[in-house]
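Notes to accompany the following structure.
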Amino acid sequence: MTRRRDGIRRPAPAGPQPPARRGRLTGPGPSEGARASAGAAPTKDARPPAPRGRLTRPPLRPAGQGRPVVGAERPGRAASGRYAALLAAIVAAVLAVSAVIFVGVSADGLRGRGTPAREGGGAGNPVAPASAGTWVTAWATAPGGGEPGTDTAGLAGRSVRNVVHTTAGGTRARVTLSNLHGRAPLTLTHASVAVSAGPDTAAALAGTMRPLTFAGNPSVVVPAGGQVVSDAVRVLIPRDAHVLISTYSPVPSGPVTYHKHARQISWAAEGEHTRDTTGAAYNGRSTVWRYVTALDVLSDDSEGTVVVLGDSLTDGISATVGADARWPDVLSDRLRTALASGRDLPRYSVVNAGLSGNRVLADGPGRPPRNPSALRRFDRDVLGRANVRVVVVVLGVNDILRAPGTAGPERIVGGLTALTERAHARGLKVVGATLMPYRGHHGYTPSGEDVRQRVNAEIRDGGVFDEVVDFDEAVRDAYDPRRFHAGYDSGDGLHPSDAGYARMAETFELKALKGGAPARL
């Protein structure tokens, strides 16, 4: 069940302010630069095109008025002839200029409002005027650190083929690649995107392989601590499909920025095979995502993006590999089924910004931190996604488990409230979840349970989020509310089973996604 925020604005307890972001970007972030280019308004200095109305001849001045023709003391037949010839030449020039303007405006008018500033070109990378649509994020993940064993050489001389699952379809695609945890520039000489030919395969569906470009170039250098967004490429991306995103780096550039708990089989190959459609060269399997952090599509079946900000409970650390059984995956399926049945609901994609071990308040170790707090990564992992409309927050348990005695209920609630306020500042609605039980986990303590109960009381009271989904009530044991129901427990007392993830998604009232942030008084 969900509960609405009561509208009473409570001051957040004193707590840590979001620290400054580290690392450099190669340009404006996806939400303000490359991603905004699709629908950017003209600058104040831009001039509108000339009107395309009928050109009319200016009225002739009466005889004796105005400037006389050069070299004539009074109008005569010869002067009148020369005047008529000069006027005819002027009219012809104006008509020629108008025709050029008309052609330019007509060609520009073929572009929809969602057309990106640049689309990749070159052989095998077809470009055509974009259809009408909205840029949304069809898949995303949070970079979680540098991959062990890649500190020196990175993945030099190898092709990486990431497999990602889409929650929106579209006619254009662009990819975000990250070198956030690299200590040297990352040189990528080849990259591609394609629709997968099927489950558990590195092969591409026939006719869907597209090379990616970056500002028109096939190669790009991503600075240490930075990220890049590819040019948009024309390719039909289906919803509820697997997409292959391949990269190749010829030189050492470690460590590799990665997401550890992908719960999806991806691939690697020796040598440059980014355009290999057969997948035969990809004999290396992995369960991590490397470099890639987002796939955006120009969509005609979605009008916005829902970002789920969470920890391992959202990351799906205990979900079946390759089954797309994380609770945000199930939520996306529920939303699409409800829309197909005719329910009045928003057409949103749902993307997973879960990061195992994540806390509201504190960063993990490392510089930059391998696991930045939700307050620190909010701009990158939520506001950086395309056309975000709703944020779902499922956080707080790790603050209790990893910092016992230091993260009291007031501080945790204050951090959650700060996330809501930051979302409201961007006009986003926030749905928040109660903290689920964890008795049976090795980190359980009675004092931690007391903190969880007090945080949940504040959340249920309606002063933290705009809407509340009560995951605690949905999955707890009726006879011992401090534990998971046996059928929803993966076995460690903390993380749900596939059935538990499904129960979470089923509990989420879809109407909670309707509407926006409350009006600011």
So W289 and W139, would you call those rings parallel, tilted or perpendicular, with 30° and 60° as cut-offs? perpendicular
Is the positively charged end of R174 above the ring of W135, judged by distance under 6.0 angstrom from the centroid and angle within 45° of the axis? yes
State, yes or no, whether a side-chain contact exists between V351 and V306 at a heavy-atom distance under 4.5 Å. no
Taking atom types as modelled, find out whether Y291 and S249 have a side-chain donor-acceptor pair closer than 3.5 angstrom. no
Is it the case that the side chain of Y282 and the backbone of D276 share a donor-acceptor pair, with hydrogens and angles ignored and the cut-off at 3.5 Å? no
For R359, which residues count as a side chain to side chain donor-acceptor pair (under 3.5 Å) partner, sequence neighbours excluded? none
With heavy-atom distances below 4.5 Å as the criterion, would you say the side chains of L188 and Y248 are in contact? no
So D324 and H242, side chain to side chain donor-acceptor pair (under 3.5 Å) or not? Walk me through it. CA-CA 10 Å; D324 299 314; H242 289 116; 3.2 Å; yes
Under 6.0 Å between ring centres, would you say that holds for H485 and Y488? yes
Whether the H259 and D315 side chains hold a donor-acceptor pair (N or O, under 3.5 Å, no angle test) is what I'd like checked. yes
What do the steps show when you test K429 against E467 for salt bridge (Lys or Arg N to Asp or Glu O under 4.0 Å), and what is the final call? CA-CA 9 Å; K429 185 175 185 179; E467 302 266 5; 3.3 Å; yes
Does D363 reach the main-chain N or O of S373 with its side chain, forming a donor-acceptor pair under 3.5 Å? yes
Do N217 and S219 get their side chains close enough for a donor-acceptor pair, meaning under 3.5 Å? no
Side-chain ion pair, D379 and R377, N-O less than 4.0 Å: no
Hey, are R402 and D311 close enough for a salt bridge, meaning a charged N less than 4.0 Å from a carboxylate O? no
Do we see a donor-acceptor contact under 3.5 Å between the side chains of S246 and R161? yes
So does G169 get a backbone contact from the side chain of T166, meaning a donor-acceptor N/O pair under 3.5 Å? no
Checking R326 against D498 for the salt bridge (Lys or Arg N to Asp or Glu O under 4.0 Å) test, could you report, in this order, the C-alpha distance in whole Å, the side-chain angles of both residues, the deciding distance, and whether it holds? CA-CA 7 Å; R326 315 161 195 87; D498 285 0; over 6 Å; no
Side chains of Y258 and P148, heavy atoms from C-beta outward: is any pair under 4.5 Å? yes
For residues D296 and V175, determine if any side-chain heavy atom of one lies less than 4.5 Å from a side-chain heavy atom of the other. no
Any Lys/Arg nitrogen of R389 or E303 sitting under 4.0 Å from an Asp/Glu carboxylate oxygen of the other? no
Considering only heavy atoms from C-beta outward, does the side chain of Y444 approach that of L494 to under 4.5 Å? no
Taking the side chain as every heavy atom from C-beta outward, state whether H190 and P218 have any atom pair closer than 4.5 Å. no
Is any side-chain N of the basic residue among D333 and R336 closer than 4.0 Å to the acidic one's carboxylate O? no
Donor-acceptor check, side chain of R263 to backbone of A319, threshold 3.5 angstrom: yes or no? yes
Scan for side-chain hydrogen bond (donor to acceptor under 3.5 Å, both in side chains) pairs involving residues 346-355, sequence neighbours excluded, and state none if there are none. T305-S349
Between the side chain of R334 and the main-chain N/O of A505, is any donor-acceptor distance below 3.5 Å? yes
Sidechain-backbone polar pair: S332 side chain, D329 backbone, donor-acceptor under 3.5 Å: no
Just by distance, with hydrogens left out, do E272 and T274 show a side-chain donor and acceptor under 3.5 Å apart? yes
Are L383 and R422 side-chain neighbours, meaning at least one heavy-atom pair lies under 4.5 Å? no
Would you say the side chain of P143 lies within less than 4.5 Å of the side chain of T257, judging by non-hydrogen atoms? yes
Indicate yes or no: does D344 engage K514 in a salt bridge with an N to O separation below 4.0 Å. yes
So, S266 side chain and V163 main chain: donor-acceptor pair closer than 3.5 Å or not? yes
Heavy-atom pair of closest approach, residues R385 and A294: NH1-CB, 3.6 Å
